**Student:** 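Sharing a structure here in structure tokens format.
Please read these numbers as outputs of a predicted model, since none were measured by experiment. First the proteins, then the strands, lettered A, B, ... as listed; each starts at 1.
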Protein chains: 2
Amino acid sequence: MPQTARRASSRPDSDVSGAVDDLQLTMGLSPTTVSRLPVYLRELELLSQAGVETISSTGLAEVVGVTPSQLRKDLSHLGSYGTRGVGYHIAGLQAQIGRELGTAHGWPVVIIGVGNLGRALAGYAGFSSRGFKIAALVDRDPAVIGTVVHGVEVSDLAELEVVIARTKATIAVLATPPAAAQSVVDRVVNQGVTSILTFAATVLAVPDGVIVRKVDLGQELQILAYYEQRKSEEVVR
Amino acid sequence: MPQTARRASSRPDSDVSGAVDDLQLTMGLSPTTVSRLPVYLRELELLSQAGVETISSTGLAEVVGVTPSQLRKDLSHLGSYGTRGVGYHIAGLQAQIGRELGTAHGWPVVIIGVGNLGRALAGYAGFSSRGFKIAALVDRDPAVIGTVVHGVEVSDLAELEVVIARTKATIAVLATPPAAAQSVVDRVVNQGVTSILTFAATVLAVPDGVIVRKVDLGQELQILAYYEQRKSEEVVR
DNA sequence: AGCTGTGAACCGTTTCACAGCC
DNA sequence: GGCTGTGAAACGGTTCACAGCT
């Protein structure tokens with residue numbers, strides 16, 4: 001039985017305890033900043049591949065779609081390496097953001113549910129380039145168990161605990177039907193998983209300290225529909 | 001050539017113009033409230049199916065995972081039908097939120113890209129129950145064009161403009177490879193689409209008034225990884 | 001001259017606390 | 001007594017504007 005807990009809160013907001021060590025990782029970034037860093041990183045990679053070496057906050061802001069001040073503020077939190085009068089050194093920034101996001105870790109990820117969605121996720125190219133590896137695929141359907149999908153053999157859902165223990169995965173991706181989601185969450189959390197990305201629409205209960213991010217197609221569409229409806233009403237009045 | 005424009009901004013924030021008519025739709029809700037309404041609606045449906053007729057803000061807040069005050073504030077913006085001393089009448093609330101989100105419209109949606117992801121989206125059960133219908137599936141691959149997926153025949157990407165005109169879709173879902181995303185966006189926007197849900201990781205440029213919502217697996221995982229990394233560091237210090 | 005880094009002002013959202021109604 | 005609806009306070013995030021470095 002899962003404890004109470006609601007949505008991902010986390011953020012103990014780091015009390016200022018020990019001395020800041022060397023030129024290492026910065027202190028807690030705001031959630032909004034964290035959510036933008038992957039976007040920055042992606043665009044920096046593209047620029048870097050295109051041979052660009054330096055860029056101003058205005059230039060980068062334009063390509064990532066934020067304001068220059070927002071970008072500067074975000075980067076300043078990383079204690080970043082910009083040069084006044086010049087701009088940011090792309091390679092340096094990339095390294096800094098990559099370090100902050102733990103891109104080098106090769107985090108093992110378990111994907112649960114190997115239907116169309118699970119397959120699509122397993123085939124996602126950016127997986128390894130973004131610092132993750134598919135440690136295991138898990139499904140309940142005997143017809144799927146044992147087959148190899150994108151180079152990984154599908155394990156039996158019954159073995160979930162064993163699989164997580166073996167792979168030491170702490171991140172799980174849920175691509176199961178909604179009805180199965182909560183019970184899978186309970187099992188993975190119990191096995192030490194502390195980060196969950198779910199594609200099931202259900203509200204999930206997890207203990208404190210476990211972070212859940214939810215991607216819900218229906219929710220996204222309904223949000224769009226809300227604004228669509230407002231647009232059409234504007235014409236009426 | 002797409003105009004400038006960055007992320008979805010929209011929200012003209014409605015100047016208080018005409019008189020408020022009857023007991024109709026409310027004035028602009030905040031984006032954060034809008035994003036929570038679909039979740040409320042979903043849980044209300046479940047409660048309703050379970051035969052519950054009335055619920056307090058505390059009770060509902062618990063199941064949707066927000067604070068009671070947040071819930072009350074959100075619902076108060078809908079001018080909602082709660083009863084002091086009692087709680088909310090579930091059927092009434094459902095109707096009210098459904099109306100606000102335009103659940104009855106049966107919005108036609110075009111899905112572009114019929115790979116594993118596109119198929120998963122097309123097979124999404126909640127599609128019609130949440131007020132949408134798949135107006136068309138579109139792909140570039142000749143091997144896929146003409147096949148029937150979840151009851152809908154796949155059209156040729158070359159016909160995109162015709163398909164949108166015929167179906168009158170104003171919402172498009174992008175499940176294409178990232179490289180194709182911007183060009184598809186330009187075409188659909190040009191054809192009158194004003195809401196886009198994209199699964200491609202690229203930053204999209206759209207004209208003002210077009211709303212883009214992005215779902216990016218890599219981004220989500222990287223956000224989780226950030227917090228994972230912090231957790232493991234905590235042990236160190 | 002140019003562009004970053006940042007304190008200060010601003011704005012939107014959440015939380016608090018309680019008045020008002022059933 | 002119980003629970004909603006809502007002003008007021010608190011919070012967090014974004015934008016502004018400029019000091020400071022190169």
Side-chain angles (χ1 to χ4, degrees), chain A residues 6-14 23 26-37 39-40 44 47 52-90 92-93 96-97 223, chain B residues 6-14 23 26-37 39-40 44 47 52-90 92-93 96-97 223:
Chain A
R6 34 215 79 279
R7 194 64 61 85
S9 58
S10 192
R11 299 263 310 142
D13 214 47
S14 68
L23 50 99
T26 52
M27 175 222 54
L29 304 171
S30 83
T32 49
T33 297
V34 171
S35 73
R36 284 186 294 264
L37 291 183
V39 182
Y40 299 167
L44 286 170
L47 287 164
V52 187
E53 292 193 342
T54 265
I55 194 164
S56 70
S57 63
T58 316
L60 183 53
E62 185 119 352
V63 318
V64 299
V66 299
T67 62
S69 20
Q70 172 128 258
L71 181 67
R72 288 205 300 278
K73 184 69 87 175
D74 281 342
L75 296 186
S76 79
H77 292 132
L78 309 181
S80 105
Y81 267 37
T83 319
R84 293 170 198 234
V86 180
Y88 297 91
H89 185 59
I90 290 183
L93 241 195
Q96 177 70 359
I97 297 179
I223 293 168
Chain B
R6 34 214 76 279
R7 193 66 61 85
S9 57
S10 193
R11 296 262 315 141
D13 214 48
S14 70
L23 49 100
T26 53
M27 174 223 54
L29 303 170
S30 83
T32 49
T33 297
V34 172
S35 73
R36 283 186 294 264
L37 290 183
V39 182
Y40 299 166
L44 286 169
L47 287 165
V52 188
E53 292 193 344
T54 266
I55 194 164
S56 70
S57 63
T58 316
L60 183 53
E62 185 121 348
V63 317
V64 299
V66 299
T67 64
S69 22
Q70 171 130 258
L71 181 67
R72 288 204 300 278
K73 184 70 89 178
D74 282 342
L75 297 185
S76 79
H77 292 132
L78 309 181
S80 105
Y81 267 37
T83 318
R84 294 169 199 233
V86 180
Y88 297 90
H89 184 59
I90 290 184
L93 241 194
Q96 178 71 358
I97 297 179
I223 293 168

**Student:** Side chains of A:L78 and A:L29: closer than 4.5 Å at any heavy-atom pair?
**Tutor:** yes
**Student:** Can you tell me how far OG1 of B:T32 sits from CD of B:Q70, rounded to the nearest 0.5 angstrom?
**Tutor:** 7.0 Å
**Student:** D:dG12 P sits how many Å from A:Q70 CD, rounded?
**Tutor:** 17 Å
**Student:** Using the test side chain to side chain contact (heavy atoms under 4.5 Å, CB included), find all partners of B:S57 that sit at least two apart in sequence or belong to another chain.
**Tutor:** B:P68, B:L71, B:R72, B:Y88
**Student:** Less than 4.0 angstrom between a side-chain N/O of A:T32 and OP1 or OP2 of D:dT14, yes or no?
**Tutor:**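 Looking at the OP1 and OP2 atoms of D:dT14, one of them is under 4.0 Å from a side-chain N or O of A:T32.
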**Student:** Tell me: NE2 of B:H89 to C1' of D:dT4, nearest whole Å?
**Tutor:** 16 Å
**Student:** Residues in salt bridge (Lys or Arg N to Asp or Glu O under 4.0 Å) with A:R36, at least two apart?
**Tutor:**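 Partners of A:R36 under the salt bridge (Lys or Arg N to Asp or Glu O under 4.0 Å) test: A:D74.
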**Student:** Measure the spacing between CG of B:L60 and CD1 of B:I90 and express it to the nearest 0.5 Å.
**Tutor:** 7.5 Å
**Student:** Give the rounded distance in Å between these two atoms: CG of A:L29 and P of D:dG13.
**Tutor:** 11 Å
**Student:** Rounded to whole Å, how long is the line connecting atom CG of B:D74 with atom C1' of C:dT15?
**Tutor:**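 Atom CG in B:D74 sits about 13 Å away from atom C1' in C:dT15.
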**Student:** Produce a footprint string for nucleotides 3-11 of chain C: one letter per nucleotide, 5' end first; B if the base is under 4.0 Å from any protein heavy atom, S if only the sugar-phosphate is, - if neither.
**Tutor:** BBBBBB---
**Student:** Under a 3.5 Å distance rule, please check whether A:Q96 uses its side chain to pair with a backbone N or O of A:Y81 as donor and acceptor.
**Tutor:**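 Pair absent, no side-chain N/O of A:Q96 close to backbone of A:Y81.
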